[in-house]
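In what follows, a structure is listed as structure tokens, so that the remarks can point back to it.
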Amino acid sequence: MVVEPVCCPYCGSHSVGRHGQTKDGRKRYVCHNNECSRTTFMCDYSYQACQPGIKETIIDMTMNGSGVRDIARVLSISPTTVIDTLKKKRLN
């Protein structure tokens, strides 16, 4: 039996427990840290845009002059996701 150490990608806490699985069988975890901004997460996402830090990367690449299609191609996500992220960032 192999035990894989899991830590929360948002707060770095090792106080993590299992929280079931998705419809396609991927494991979900729950963070028991009260100061954590998110409670549930997955270690391996099926879509790259769901991973932590991608939204900030989109903003950084835009500030450095990359276009929407370029960002989508480099990050392997949809151009629609890039546009939606930029629209939401503008409102904040």
Min side-chain heavy-atom separation M61-V68 under 4.5 Å: no
Pairwise side-chain contact, L86 with I59, heavy-atom cut-off 4.5 Å (strictly under): yes
Spatial distance of atom CZ (F41) from atom SG (C31) [nearest 0.5 Å]: 6.5 Å
Smallest separation among heavy atoms of Y10 and C36, with atom names: CB-SG, 4.1 Å
Heavy-atom closest contact (G17 atom, H32 atom, distance): N-NE2, 3.6 Å
Nearest heavy-atom neighbours spanning R18 and Y29: CD-CE2, 3.5 Å
Heavy-atom closest pair, residues C11 and N33: SG-ND2, 3.5 Å
Pairwise distance CD1(I54) to OG(S76) - rounded to 0.5 angstrom: 9.0 Å
Exercise: identify the closest heavy-atom pair between S78 and A72: C-CB, 4.0 Å
Flag side-chain contact, heavy atom, 4.5 Å: T22 against K27: no
Check ion pair D70-R73 (N to O, under 4.0 angstrom): yes
Side-chain heavy-atom pair I77, I58 within 4.5 angstrom cut-off: yes
Co-membership, hydrophobic cluster, residues M42 and V30, 4.5 Å side-chain: no
Heavy-atom side-chain contact between T40 and R28 under 4.5 Å: no
Rounded distance (nearest 0.5 Å) linking atom NZ of K55 with atom OG1 of T81: 6.0 Å
Polar contact flag, side-chain donor to acceptor under 3.5 angstrom, S66-N64: no
Where H14 and V6 come nearest, the two heavy atoms and their spacing: ND1-O, 4.0 Å
